Amino acid sequence: MITSIKTNFPEKEGWVVVPANSSDLTVTVEATNAETLLFWSVPTGTETWGERELIGYDTSGSDGWKITWNIAGKSLHNRLVVQALGSDGKTITDKTINITNE
């Protein structure tokens with residue numbers, strides 16, 4: 001189960017706002033009973049899950065669940081979807097945050 005998602009940038013009106021010329025976005029997740037976390041970038045819009053890009057994964061929550069995504073030169077107006085694969089091998093939960101450039 002995912003209880004929270006945080007980044008190294010502030011949220012404004014439901015969007016994480018990434019300052020211009022930023023090079024890295026760090027995503028930290030609090031999750032329980034998870035074996036692996038997958039981090040996906042999904043374009044905004046409808047029916048866009050098929051266009052997703054796996055931007056990272058974490059298989060060890062012992063040091064905290066997190067990734068650092070190289071965003072240098074990227075134009076962002078995406079959803080970041082975090083999927084937690086359960087330690088029971090069956091459960092999958094996800095949470096979404098919105099990300100955009102300043």
Side-chain angles (χ1 to χ4, degrees):
M1 172 176 234
I2 298 170
T3 54
S4 74
I5 303 173
K6 297 178 182 172
T7 72
N8 55 324
F9 298 112
E11 186 176 319
K12 181 179 178 184
E13 298 176 6
W15 288 85
V16 172
V17 180
V18 178
N21 301 319
S22 296
S23 59
D24 292 318
L25 173 70
T26 300
V27 182
T28 306
V29 179
E30 289 184 23
T32 57
N33 300 320
E35 183 176 286
T36 301
L37 264 61
L38 303 174
F39 297 82
W40 300 94
S41 173
V42 183
T44 54
T46 57
E47 309 274 333
T48 58
W49 181 248
E51 299 172 44
R52 71 191 179 278
E53 173 189 357
L54 182 64
I55 58 172
Y57 63 92
D58 191 344
T59 58
S60 175
S62 62
D63 62 347
W65 299 103
K66 65 182 172 182
I67 64 157
T68 300
W69 179 24
N70 180 345
I71 56 169
K74 291 189 185 289
S75 176
L76 300 172
H77 194 70
N78 305 38
R79 293 186 308 258
L80 191 141
V81 178
V82 179
Q83 282 186 321
L85 308 180
S87 54
D88 63 1
K90 299 175 187 174
T91 309
I92 299 175
T93 60
D94 60 72
K95 279 203 180 234
T96 302
I97 60 173
N98 297 313
I99 298 174
T100 192
N101 292 101
E102 195 169 49

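Quantities reported herein were computed from a predicted structural model and do not represent experimental measurements.
When every heavy atom of Lys74 is checked against every heavy atom of Trp69, the shortest pair comes out as CE-NE1, 3.8 Å. Contact between Trp65 and Ala31 at its shortest, heavy atoms only, is NE1-O, 3.7 Å. Looking at every heavy atom in both residues, Pro43 comes nearest to Thr48 through O-OG1, 2.8 Å. For the residue pair Asn78 and Ser41, the shortest heavy atom distance occurs at ND2-OG, 2.7 Å.
Under the ring-ring contact (aromatic ring centres under 6.0 Å, His included) criterion, Trp40 pairs with Trp49, sequence neighbours left out. Ser62 meets the side-chain hydrogen bond (donor to acceptor under 3.5 Å, both in side chains) test with Ser60; sequence neighbours excluded. With sequence neighbours excluded, no residue forms a side-chain hydrogen bond (donor to acceptor under 3.5 Å, both in side chains) with Asp58. Qualifying side-chain hydrogen bond (donor to acceptor under 3.5 Å, both in side chains) partners for Thr100, counting only residues two or more places apart in sequence or in other chains: His77. Listed by chain and residue number, Asp88, Thr93 satisfy the side chain to side chain contact (heavy atoms under 4.5 Å, CB included) test with Thr91 (two or more places apart in sequence, or in another chain).
Through direct or relayed side-chain contacts under 4.5 Å between Ile, Leu, Val, Met, Phe, Trp and Tyr, Met1 connects to no other residue.
If you chain together hydrophobic residues whose side chains sit under 4.5 Å apart, Ile92 and Val27 never meet in one group. Under a hydrophobic clustering in which Ile, Leu, Val, Met, Phe, Trp and Tyr are joined whenever their side-chain heavy atoms come within less than 4.5 Å, directly or via other members, Ile55 and Ile71 fall into the same cluster. Residues Leu54 and Val82 are members of separate hydrophobic clusters, defined by side-chain heavy-atom contacts under 4.5 angstrom among Ile, Leu, Val, Met, Phe, Trp and Tyr. If you chain together hydrophobic residues whose side chains sit under 4.5 Å apart, Leu38 and Val81 fall into the same group.
Within the structure, ring pair (Phe, Tyr, Trp, His ring centres under 6.0 Å) pairs that include any residue of residues 79-102 do not occur (at least two apart or interchain). Applying the ring pair (Phe, Tyr, Trp, His ring centres under 6.0 Å) test to residues at least two apart or on different chains, none of the pairs has a partner in residues 82-102. Applying the ring pair (Phe, Tyr, Trp, His ring centres under 6.0 Å) rule to pairs touching residues 80-102 yields nothing, sequence neighbours excluded.
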Got a list of side-chain donor-acceptor pairs under 3.5 Å for residues 2-25, not counting sequence neighbours?
from, atom 1, to, atom 2, distance (Å)
Thr3, OG1, Glu30, O, 3.1
Thr7, OG1, Phe9, N, 3.2
Thr7, OG1, Phe9, O, 3.0
Asn8, OD1, Thr26, N, 2.8
Ser22, OG, Pro19, O, 2.7

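Residues Tyr57 and Leu85 have side chains not in contact (no heavy-atom distance under 4.5 Å, counting atoms from C-beta outward).
Remark: Ile97 CD1 to Arg79 CZ distance equals 12.5 Å, nearest 0.5 Å.
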